[in-house]
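Every heavy atom of this structure was used, including side-chain atoms; hydrogens, water molecules and symmetry mates were not. Within every chain, numbering begins at 1; the chains are lettered A, B, ... in the order of the sequence lines, protein sequences first and strands thereafter.
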Protein chains: 2
Amino acid sequence: MNVSSKPERTRLSAEDWELAALHLIAEQGVGALAVEALARQLGVTKGSFYWHFRTREALLNAALERWEQYGEREVLGQIEQIADPRKRLPELFRRVAHELQPHRVYAALLKALDHPQVVPVMARVSQRRMEFLTTAYREAGLPAPQALNRARLTYAAYVGFLQLNFTLGLPRINHEEFDAYVEHMIATLIPA
Amino acid sequence: MNVSSKPERTRLSAEDWELAALHLIAEQGVGALAVEALARQLGVTKGSFYWHFRTREALLNAALERWEQYGEREVLGQIEQIADPRKRLPELFRRVAHELQPHRVYAALLKALDHPQVVPVMARVSQRRMEFLTTAYREAGLPAPQALNRARLTYAAYVGFLQLNFTLGLPRINHEEFDAYVEHMIATLIPA
DNA sequence: CGGATACCATACGGATGAGTATGGATCGCC
DNA sequence: GGCGATCCATACTCATCCGTATGGTATCCG
């Protein structure tokens, strides 16, 4: 339960390293994932790390897999439980909009698409979410080709907003404005 | 006119380094901007570089400024010359869609928002473009608050598409599909 | 309580990349 | 054609970071 970087006078497990890695990725990006820096942050040295992992890449892969599986059951799982297809899309928009915290890792990975290890993960995750959006738009009444393009447009808007808002700090927007923006998205992108 | 990396047996200027830097950024990202690598590509050594620039950061800043000013007069300049306000937005969408080449640097800088040097540049450029979009939507008949939100949505979709398509290779899309997507965007985002 | 195993520290080697020092080559120009 | 300014090569230093080697300490268990 201790998310911060307090000394934590217990011994570490591989899971601890993976969680710390994700935490660091979310805040400083994949490029900042250095083993000595992580070790300092955890209050140990490299000697500990190389007992749990064979290499730095191994840690990255493990952290990415952990993140992917978490998103699989938490993010998508909850949303699929919205019964009414016509209420599903607006509900989805509003939930995603107000749970921006779990999207920090996604935004960070978006900036790390030059690292070969993250590409397949992001490809799977994005593909899965776009397929989900496509069927949701079909259930909302759009014919197949339009549903696909609308899903592309929606997901691109989501990704772009993450980039502009998180890492660039644009647009300068406050809570009420943000809510109005979300409602504008709903009105514009979701068929009546 | 010689864009490739042929030996080029002439002496170099600061401009040559800046252009080569932008070229490298567009293809491999800001992180790959190393002076020895650039020197090899230009057929010289570091000794040359440190005569033209005081540091690596100086080169990055110079290249970014050059790119910003180029975009200022080329990208925005041409578009403002579309007289009819009602034809301006669809025209803008179609032009941007079919000139994706100049957007490679923008896509690369989008992934480099953790480097402090690129943030102010991207903030200025994005702000400027969104203001342009906002007034275009107003001229197309939208009231002010809606025009602002529609501009945010449009620009987010643009940024997200760059990220998904360029660096991730998603969605897998061919020419006809892409044209259909652009027309779908126009129909969805631009008021009748 | 004593050893086997799990976990960690310290010290090192090697690679990479930024920046400096300095001398050599080449160009403009009188 | 010679001389000063411009441009570049070579050879270093220094810092960072991955990975290895090896010995030390804690913990579990019979």
Side-chain angles (χ1 to χ4, degrees), chain A residues 2 5-25 27-64 66 108 111-112 114-118, chain B residues 2 5-66 108 111-112 114-118:
Chain A
N2 204 324
S5 54
K6 286 291 170 61
E8 283 291 320
R9 282 286 109 232
T10 76
R11 303 172 102 188
L12 301 176
S13 69
E15 183 176 354
D16 294 324
W17 286 94
E18 297 170 12
L19 293 178
L22 286 176
H23 197 68
L24 203 162
I25 289 174
E27 292 194 335
Q28 305 191 26
V30 175
L33 185 63
V35 330
E36 305 197 59
L38 250 192
R40 266 192 306 274
Q41 183 177 323
L42 287 173
V44 292
T45 65
K46 293 166 27 165
S48 170
F49 175 84
Y50 284 100
W51 192 90
H52 294 285
F53 297 92
R54 232 176 52 75
T55 170
R56 191 202 98 118
E57 287 191 2
L59 170 66
L60 219 196
N61 286 328
L64 290 177
R66 175 174 293 273
K111 303 187 302 183
D114 33 10
H115 298 244
Q117 306 179 58
V118 323
Chain B
N2 204 325
S5 55
K6 284 293 172 59
E8 283 290 321
R9 284 284 109 233
T10 76
R11 303 171 105 189
L12 300 176
S13 68
E15 183 176 353
D16 294 324
W17 286 94
E18 297 170 12
L19 293 177
L22 286 176
H23 198 69
L24 203 161
I25 288 174
E27 291 194 334
Q28 304 191 30
V30 175
L33 186 63
V35 330
E36 306 198 57
L38 251 192
R40 265 194 305 275
Q41 183 178 322
L42 287 173
V44 293
T45 65
K46 293 168 24 167
S48 171
F49 175 83
Y50 283 100
W51 191 90
H52 294 285
F53 297 92
R54 233 176 50 77
T55 171
R56 191 201 98 120
E57 287 190 2
L59 170 66
L60 220 196
N61 286 328
L64 290 177
E65 187 175 352
R66 174 174 292 274
K111 302 189 302 183
D114 33 9
H115 298 244
Q117 308 178 57
V118 323

Fill in the blank from the handout: Closest non-hydrogen atoms of B/Asp16 and B/Arg11, given as atom of the first, atom of the second and distance, are OD2-O, 4.2 Å
Completion exercise
5' to 3', nucleotides 3-18 of chain C under a 4.0 Å protein heavy-atom cut-off (B base, S sugar-phosphate only, - none) gives ---BBBBB------BB
Problem - Partners meeting salt bridge (Lys or Arg N to Asp or Glu O under 4.0 Å) with B/Glu27 (sequence neighbours left out) - result: none
Exercise for the section: Please confirm whether the backbone N or O of B/Glu15 pairs with a side-chain atom of B/Arg66, one donor and one acceptor, at under 3.5 Å? Expected result: no
Practice task
Can you establish whether the number of heavy atoms outside B/Glu65 located under 6.0 Å from its atom CD is more than 12?
Solution key: no
Handout entry: Residue pair B/Val44 / B/Trp17, side-chain heavy-atom distance below 4.5 Å
Key = yes
